[in-house]
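See below for the structure under consideration.
Here is how names work: the chains are called A, B, and so on, in the same order as the sequence lines, proteins then strands, and each is numbered from 1. The basis for the numbers below is simple: all heavy atoms, side chains too, and nothing from hydrogens, waters or symmetry mates.
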Amino acid sequence: MYGFEAMTFNIHGGYLEAIVRGHRAGLLTAADYNNLCQCETLDDIKMHLSATEYGPYLQNEPSPLHTTTIVEKCTLKLVDEYKHMLCQATEPLSTFLEYITYGHMIDNVVLIVTGTLHERDVQELLEKCHPLGMFDSIATLAVAQNMRELYRLFLVDTPLAPYFSECITSEDLDDMNIEIMRNTLYKAYLEDFYKFCQKLGGATAEIMSDLLAFEADRRAVNITINSIGTELTRDDRRKLYSNFGLLYPYGHEELAVCEDIDQVRGAMEKYPPYQSIFSKLSYGESQMLDKAFYEEEVKRLCLAFEQQFHYGVFFAYMRLREQEIRNLMWISECVAQNQKSRVHDSVVFIF
Amino acid sequence: MDLLRSEPMQLVQLIIPVESAHCSISYLGDLGLFQFKDLNSEKSPFQRTYATQIKRCGEMARKLRFFKEQMTKAGLSPYARSAMSDDVYLDNLEVKLGELEAELIEMNANNEKLQHSYNELIEYKLVVQKASEFFHSAQNHAAVKQREVEAHQSGEGSIDSPLLLEQEMVTDPSKQVKLGFVSGIIQREKSLAFERILFRATRGNVFLKQSAVEGPVTDPASGEKAEKNVFVVFYSGERVRNKIVKICEAFGANRYSFTEDLGKQFQIIAEVSRRIEELKTTIDFGLVHQINLLQTIACHFEQWSHLVKKEKSIYHTLNMLSIDVTRKCLVAEVTKLKNESSSLILQIQNVLQQATVDSNAQIGTVFHVLQTKESPPTYFHTNKFTSAFQEIVDAYGISKYQEANPGVFTIITFPFLFAVMFGDWGHGLLYNEFFSVPFELFAPSAYGCRDPSCRDATTAGLVKVRATYPFGVDPKWHGTRSELPFLNSMKMKMSILLGVAQMNLGIILSYFNAKFYGNELNIRLFGYLSLLIVVKWCTGSQADLYHVMIYMFLSPTDDLGENQLFFGQKFLQILLLLAALVSVPWMLFPKPFLLKKQHDERHRGQSYALLETNLDDSDGTELHHGSSSHEEFQFSEIFVHQLIHTIEFVLGAVSNTASYLRLWALSLAHSELSSVFYDKVLLLAWGFNNITILIIGLIVFICATVGVLLVMETLSAFLHALRLHWVEFQGKFYEGEGYKFQPFSFASLGKEDE
């Protein structure tokens, strides 16, 4: 398949690529965001969205709207599109599409386990789960007492099972352990996804390795920043970094020993692609880092659409839609809470 | 010639008092003559004046959709001829819809609650029935076992049975573990996973018994029907119980308590059955009530939804108007047909006056005509017949305002070109053959046999006995040995002639366009362009002497020899060739220079004008405001553009002419195919004198004729006719950059929605 995608890609992937590019054309533009930012009430937002692809999903909602309803309906649209694509997909695209959801699955597992730890209602937790990361026995996670049980009882049936092999300890579940579990799982997931894409080869491997490397590096930075000042040892921290990406391996060595945000910055500025991100931030600041990373990610995801005959567009589309939903959520929250001055803080324009 | 130019349009300004605005727009919508211009296009939808009203209408439309959904659920459809009552106003309607919705929602909630408990009871009953069966059979089984054991003991166990063990098992009640159990009902598809998880969670220390329920059971929570299993889980210990309960919750399994006591079981079943009966009557009563309500809604549904749609469109239109600063009146800009009959104008005036009176406004609507530079929309009066051809043109592009409309010519040329290719009525009037059988329709053939020996279907023995055949191809040609070469050359020349004629028509039209838009420069050039085409035409018509044409270009001064057709041919040829050679650079050079000259003149004029405007500024600036668009003149760019244009035109003239050869190709293919089917299938089958073969042959012939000739050939002939019109014909002159006239009218409201 190396280099010859153009000959055979359209046999199975052509229809879906067309579909996904069509969906991409429906993403909100900067003009839409400008209009949305001027909205006074949630009803205005609904009115504006009714002219977009979200229209049919929102039109039957009765008038006092809530942010959650908007987000829920928008997510529903994404899920519908995803399911449609998954139904139409053949191997290996269907596996690729499934890989996209594993991240949500990990988040959902962590959400439920943490929720049960704090004795929340399972039903309430289930509503908060991302619909893309649902699996059959997710509700039963609440029964588990420790990680070994979690794995043995429930996750062994899910696609996450192989990722768990690294983090089975019979330690009890507490916040720290769950967070470590999340990151270990994520690391294993990213590495597996990376390997899978390499196996597919061709343009898919090329583009996806770039996108996944960025994802891995971003996680490495986030892990480092979040673990500063906790009892996580350097070795443990080192173990949570994925074994690929631009920072691997020397960057990881440096990140592992960082003790404050400026050291992270020093380590990262040696890498030109990340230098531009950090140069936007003033020293000692880490709040805006998320936004800067998101902006960089969106830029890279958009670039994935510039090339044809590869699966990266599906990944990119799903990610862009998720970013769009995050934007909508932020705008709606700002409008609902009358904080319109902060509306631009976290909105990442896609086009 | 109504169709050649689109109807003249007029931009009119209406100044409507705020009070009567709604009324006026509504009346104008009934008339459906005006297209409103959006004067607030820079505002987003929710910043406009009537955004709240539109939101209200949207909300009402949502309620109506809700009603519709409820009606389809109940199996009702809105009555087509609903009761019309005139006194329905938006505000009343809004209140009414709100009340109805609340009532309906409450009713639904009640019904749902009842349904929920009803379904729960049914499930309970099922669980009790099934579980008691378990226990019953288990007890029987146990009793049998017990008896067996006892028999065993009494028989031979007296000598050497391990007494202690048996005794312990049977008799020591204090050491017996009390088993608890949980019973309930679960969806069948989940039952496997449920069993697996139970087994894993309790490390196999449970006993699960399941039994399938026949037929679907309605789930109380979701209200959906599903196949279900009744289960009983036996366990020991309180911690296990907690786990089981949690797992049940996670799987959405409904638990129901249950007693082992037989007497109580019967009591429970009786009790539950009685309550189910009760609930059923209540639910039925509620449903009847709901259906009554929905029926009253269905009576008015059409009217209401029409009203809401109408109101929404009125407010959309109102949003397009700009509000005067004083907030006392709205300013509308509308385009309408210029030459309306006086009765229509009177009607408009009446309507506006009526609106003023109806809404008790103090001032009437002011109506005056504006001058504008913007291109108005395009509108043609069409009827059923002409609209089909107009649509063919519109599919390529809506013509610019008052541009020469190719639709007029398409009405004639499109069917004509189609017929040349398809040539079918039977198969052709022009070719005088029907299903590839020669037909002497207009007159007997002009040729007859000289003697009986010429029966072998050649042209050799024929002599001309009558006058030339009046129309189309002489039928005698058909079936002759030289049929194909003759028809080929005839059809080919005919196609070229037709093509050149049509393209010339296109160029003449472009001349009309240029004249109409007052573009003098283009007119001056036009002459040379058409000359070029005429040259090509002349050469084309002499095409039977291919080498004459070729030599004409290669060695124009050579002696013509035997190819001399008429006196002075050589001179004419040289003249034409020279004209052709000259016309190319003539097309290329003058236009850019002329444009440059014009531009310079204009520039000079402008500087003068500026000086003048300094003297009397108010009027002068106004004037110049309109005639804007003086971007930098770039000579090189214009020149290159003209160069490209010239090359394109010269090449296009040749290649487009060649393009018309498709007329010949398709017509040839068509006649050959039809003769093959006729000769090789039908006549062949006929020749066997066998009825079965004849029938088979007939069927094959019909299938082939319908499938290949009628379906495929029609499509391809249509497609090629379309292409010849769009590319070769319209490409010569048609810009198609206009937009359609879409008057604001309630009549079109219903159509676009469905």
Side-chain angles (χ1 to χ4, degrees), chain A residues 29 31-52 55-65 112 115-116 119 121-126 129 134-146 148-158 335, chain B residues 42-48 50-70 94 97-98 101-102 104-105 187 189-203 221 239-253 312 316 319:
Chain A
T29 57
D32 286 319
Y33 282 120
N34 280 335
N35 279 331
L36 282 171
C37 290
Q38 289 166 15
C39 287
E40 297 288 340
T41 62
L42 289 182
D43 278 338
D44 289 344
I45 291 183
K46 176 186 164 189
M47 190 163 162
H48 188 87
L49 286 180
S50 67
T52 66
Y57 287 85
L58 283 170
Q59 68 173 0
N60 280 346
E61 288 309 308
S63 209
L65 277 173
I112 298 271
T116 353
E119 289 173 355
D121 183 32
V122 181
Q123 221 51 46
E124 191 185 307
L125 289 170
L126 281 180
C129 283
M134 288 301 223
F135 50 93
D136 275 345
S137 51
I138 190 159
T140 47
L141 292 177
V143 186
Q145 298 296 320
N146 57 38
R148 188 178 288 278
E149 229 176 37
L150 196 67
Y151 173 67
R152 210 177 51 80
L153 294 187
F154 315 110
L155 295 178
V156 74
D157 290 337
T158 66
V335 169
Chain B
E42 78 285 354
K43 284 190 188 169
S44 58
F46 51 86
Q47 285 172 330
R48 299 185 178 204
Y50 291 93
T52 44
Q53 278 88 337
I54 285 186
K55 256 186 247 168
R56 273 170 57 197
C57 289
E59 188 66 20
M60 276 154 67
R62 186 190 63 74
K63 280 173 190 160
L64 286 172
R65 276 197 300 273
F66 173 69
F67 292 153
K68 179 124 193 186
E69 189 189 310
Q70 291 291 324
E94 195 179 8
L97 287 183
E101 195 199 15
L104 209 55
I105 285 176
Q187 280 183 28
E189 63 215 33
K190 284 186 185 171
S191 63
L192 250 179
F194 178 64
E195 194 172 348
R196 198 162 53 223
I197 296 282
L198 268 182
F199 186 85
R200 281 193 206 137
T202 56
R203 296 163 197 258
R239 273 187 61 189
V240 181
R241 187 192 137 81
N242 282 342
K243 266 189 188 170
I244 291 173
V245 169
K246 266 189 182 170
I247 291 171
C248 283
E249 267 172 22
F251 273 92
K312 200 170 176 186
H316 264 302
N319 267 342

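Between B:K55 and A:D43, the closest heavy-atom pair is CD-CB, 4.1 Å.
Counting heavy-atom pairs closer than 4.5 Å to chain B, the top-ranked of the candidates A:E40, A:E61, A:K46 is A:E61. Chain A forms the most heavy-atom pairs under 4.5 Å with one residue out of B:R65, B:K246, B:K190, and that residue is B:R65.
Both the backbone and the side chain of A:Q38 come within less than 4.5 Å of a heavy atom in chain B.
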